[in-house]
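For reference, the structure is listed below as structure tokens.
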Amino acid sequence: MPTNTSEICNYDFSLSEPKWQKLWDDAKTFKSEFNASKPKCYVLEMFMYPSGKVHIGHVRNYTLGDIVARFQRARGYAVLHPVGWDAFGLPAENAALKNKSHPKKWTRENIAAMKSQIKTLGFSYDWSREFATCDPQYYQFQQKLFLAMYEKGLIYRKESEVNWDPVDQCVLANEQVIDGRGWRSGALVEKRKLPQWFMKITNYAEELLNDLEKLDGWPEKVRLMQKNWIGKSEGCTIKFKTTSRTHEYLDVFTTRPDTIFGATFLALSPNHPISISLAKNDPQIAAFLEEHKKGCVAEEFIEKQEKYGIATGIEVQHPFLDKKLPVYIANFVLMNYGTGAIFATPAHDERDYAFAIKYGLPIIQTVSSDGPLPYTGDGTLINSEFLNGMDTTVAKREIVDKLCKMGAGERKIFYKLRDWGISRQRYWGCPIPVVHCKKCGVVPLRTEDLPIPLPDDVEFDKQGNPLDHHPTWRHTSCPLCRGEATRETDTLDTFVDSSWYFLRFCVDDPANPDLLFPRDITSWMPVDQYIGGIEHAILHLLYARFFTGALADCGFIKIREPFKNLFTQGMVCSVTYQRKNGEWLFPNEVRRNSNGEFETIDDGEEIIVGRIEKMSKSKKNVVDPDEIIKNYGADTLRLFIVSDTPPEKDFYWSDEGLIGCWRFINRLWRLLLSAKSCGICAAECSDQINVDILGHDVLETYKSFQRTIKNITVALESRSMNLAVAHLRDCVNYLYARGDDFEKNKAVFSVIFRDFIVLLSPIAPHICEESWSMLGFEKFVSNSSWPTYDEKYLVASAITLPVQVNGKLRGSVIISAQEIPEIVFEKALALEGVRKAIGDLSIKNKIYVEGKIVNFVAV
RNA sequence: GCCCGUGUGGCGGAAUGGUAGACGCAGCAGACUUAAAAUCUGCAGCCUUUUUUGGGCGUGGGGGUUCGAGUCCCUCCACGGGCACCA
């Protein structure tokens, strides 16, 4: 890759790009203004965590958003396109520890550094709305929202078994535990009991699930992932009478009440109250529970657990048969789902089957099937008394009705979704506005006591939460009794910060200390186009949906769904290089030797060229956006990042591809220079082009360009940026070949060039401004309107029609658009290839699809 | 295990059931140049001496629907992702 591009550079981006960025800034070009006479369009990219450096993944995300924002602006929308920082979080604390610095300092410096990087990409942001979630002006409102939701009963505190990350010394939400490990540290998560703050997201399970159907602007995949995560199952509880003296009844939950006659035993979770109470008097059960507890933490049990259990000696009465069923404690029954107890039907459930085989329990088939047991599908009931002969769906309804009438069961719905644990035992987050009073207990602060600022003077030399060690901050008075009280030292999960930032962006002046959500907020909401990575499909997007509904219920806002359209872009990937000893290498430490093999530059060691993987620092397969911008300019990078690969798919970085885009930018510049020297300019433009007097060739060019306008418009509407780029390239190639016509048809080509510049401007805005100005157009191309096209010019006068015989291509004829079928067939039959293919066969059928194809069926 | 998605040249990828491979990368040839780079102009799925304006094959495999299938249906395979004892 040439690093010194000055010699081959005929378009000087290094002058042009900063110039236009400054002019846009000075003119406040991208300041969003709500305008009731225009349709609104809120374009938002998931805001950035200030890690310190912008990476290519950011560039892809924000370029996609900027193209949408600029395109919609040109099409006449009032566009809101804000930018901000997701600035609280653990890495700031870790970095502070490492560098003996302060999280605030680290965060602020990173924001400053990343902001200057982002600015060099020329995004059309309204910077006046910028904020960071660690701004007291932002989090004070979050504290206010907390109090309102607390009052509404949507937040509660509970002693709870939590996911404890032993490395980060922090509690994790269920969503942050991946394969039993912390999502950030990768450490094996332990179970601990701690008092925790929760948000009642489960109150919204049904709404969050049902509204997914309305979100037709979301990828099906994301909706499905959320649906599975919410995990609704409909069924019923059944009350079994037991032989135990201490526990008269045992409630179980099932989605298959139809299989009740196949029940041969019951199973309790080891954490079930009955299990625990039995353990007090039964050392064997106590030992079993202890062993299970240990097993839960060990890795191999998370991977693949064998089913095992222990008999309790208790039996229950079958609700319909004169029969007693034994009760077991089984490791595969979860306490935090359903009632923590099940009835087992080995014939129709894989887990029950495995358990029954292991402990020699009976297996009774109650749904007929051709295949082997266990059979979990639907079918006709057998061995089931009054249900015999019914279909499973009918039988379900019938049996539940009967249980309800008997008072032995009720219809019930359970969800996999759990309440959201929002407590974090960490310093760098939003303080929870609550105090602990010896007399009054947990007391929320009053709104007038806000904000509770995070103290700056903390020390990180001790284990755990620095707020706990602060000499004064904790000590305060109780808002109720004025007595001595201590502040809550847990801070809020940073996912709370990102659950409503999109609402705050709607506020004209985010630094305004008084207004939370002024009246114009609902004018901008919902977000019309949200863009971000698929990795947030569940966590962030589910929390944000919940928060929006909850804030509506608290009376703050009127909308319930925050994101109308969602686009999830793919990852940016690149090849990896490794030494034989496994050490990763940067691309610039590697070269190809004369045999075409890869070797290190410094010692010539042979290199393993690894898989193409997501760019990451640890694998060293990263490219630095700063370097690219320095050598090729922002327009080249923006163009490249949306070329070729559809935005939802993974993008494979290649230096050659980047250089191809660089060549395109320069080729375009040469085209514009030659156009200018032919007299193409603003003054020659006329919106009244008389198409009727154009010569044949120019008319064809004009029509072809009309199609280009349509193609690019359609491509950008459907977010197919790669297709838009292909059509732009096509158009440049086409115009290049018609250079000789420019001078003779200045009016037509001036209009074409003007419109072309607008078409390219969302993707490569700087060179477009430069050429806009060079050709004498006024103001900014960034402020001009999107070109329109007329469908009537899209119809070609002559069509090349493919001709098939028995579905195989045998030639083609040129016909006029309105040709009658008889003439078309006549012309087609005259083709030598067609005659040859038909030969001695007789024509059975003739098909002519207007303007598309001719097919002769011959046998 | 369950659910979802994807499979097209050397590569990234185009294609409302209607000429498969647009556009680009890499490649090849020519022009310009002392030369190289850059640039410009062409060629380019595979097989096949009917010197080719011919023929055959071709969108993961097999089958089906259709005048016609990359596209729709069935089935198998491979890869990727999500969930994972959720009763």
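So that the names make sense, note that chain A is the first sequence line, chain B the second, and so on, each numbered from 1. Quantities reported herein were computed from a predicted structural model and do not represent experimental measurements.
- In this model, no side-chain donor or acceptor of A:Lys221 finds a partner on the base of B:U6 within 3.5 Å.
- Not one side-chain nitrogen or oxygen of A:Arg810 sits closer than 4.0 Å to the OP1 or OP2 atom of B:U19.
- More than 12 heavy atoms of other shown residues, nucleotides or ligands fall within 6.0 angstrom of atom CD in A:Glu206.
- Side chain to side chain, A:Thr345 and A:Asp352 fail the donor-acceptor criterion of an N or O pair below 3.5 Å.
- For the pair A:Arg738 and A:Tyr734, the cation-pi criterion (under 6.0 Å, within 45° of the ring axis) is fulfilled.
- Contact check, A:Tyr652 against B:G12: no side-chain N or O comes under 4.0 Å of OP1 or OP2.
- Comparing B:G17 with B:G24, their P atoms sit 26 Å apart, to the nearest whole Å.
- Taking atom C1' on both B:G21 and B:A14, the two are 7 Å apart, rounded to the nearest angstrom.
- Both cation-pi conditions hold for A:Arg729 and A:Phe664: the charged atom is under 6.0 angstrom from the six-membered ring centre and inside a 45 degree cone around its axis.
- Residues from residues 249-267 of chain A lying near RNA chain B, meaning a heavy-atom separation below 4.0 Å, are A:Phe253, A:Thr254, A:Thr255, A:Arg256 in numerical order.
- Distance noted for atom P between B:U34 and B:C25: 28 Å (whole Å).
- One finds no side-chain N or O of A:Arg667 lying less than 4.0 angstrom from the OP1 or OP2 phosphate oxygen of B:A38.
- The glycosidic torsion of B:G12 lies more than 90° away from 0, placing the base in the anti range.
- Ion pair A:Glu832/A:Arg835 not flagged as a salt bridge, since none of the NZ, NE, NH1 or NH2 atoms sits closer than 4.0 Å to an Asp/Glu carboxylate oxygen.
- Of the residues near RNA chain B, A:Leu809 and A:Lys852, the one whose nearest nucleotide (by heavy atom distance) lies more toward the 5' end is A:Lys852.
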side-chain hydrogen bond (donor to acceptor under 3.5 Å, both in side chains) between A:Asp419 and A:Thr202, intermediate numbers included: CA-CA 6 Å; A:Asp419 275 341; A:Thr202 51; 2.6 Å; yes
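- Look at the P atom in both B:A29 and B:A36: the space between them is 12 Å, to the nearest Å.
- Under the 3.5 Å distance criterion, with hydrogens and angles disregarded, no donor-acceptor pair is assigned to the side chains of A:Ser275 and A:Tyr328.
- Straight-line distance between the P atoms of B:G60 and B:U8: roughly 6 Å, to the nearest whole Å.
- Where A:Thr645 and A:Met335 meet RNA chain B, the nucleotide closest to each residue was compared, and A:Thr645 sits on the side nearer the 5' end.
- Distance noted for atom C1' between B:U71 and B:U65: 13 Å (whole Å).
- Rounded to whole Å, the separation between the C1' atoms of B:A78 and B:G61 comes to 10 Å.
- With both ends at atom C1', the span from B:U39 to B:G45 equals 29 Å, rounded to whole Å.
- In this model, no donor atom of one side chain and acceptor atom of the other lie less than 3.5 Å apart for A:Asn621 and A:Ser574.
- Looking at RNA chain B, the stems built from 3 or more consecutive Watson-Crick or G-U wobble pairs, each pair with its key distances under 3.5 Å, are B:1-7 with B:77-83, B:10-12 with B:23-25, B:27-31 with B:39-43, B:45-48 with B:54-57, B:60-64 with B:72-76.
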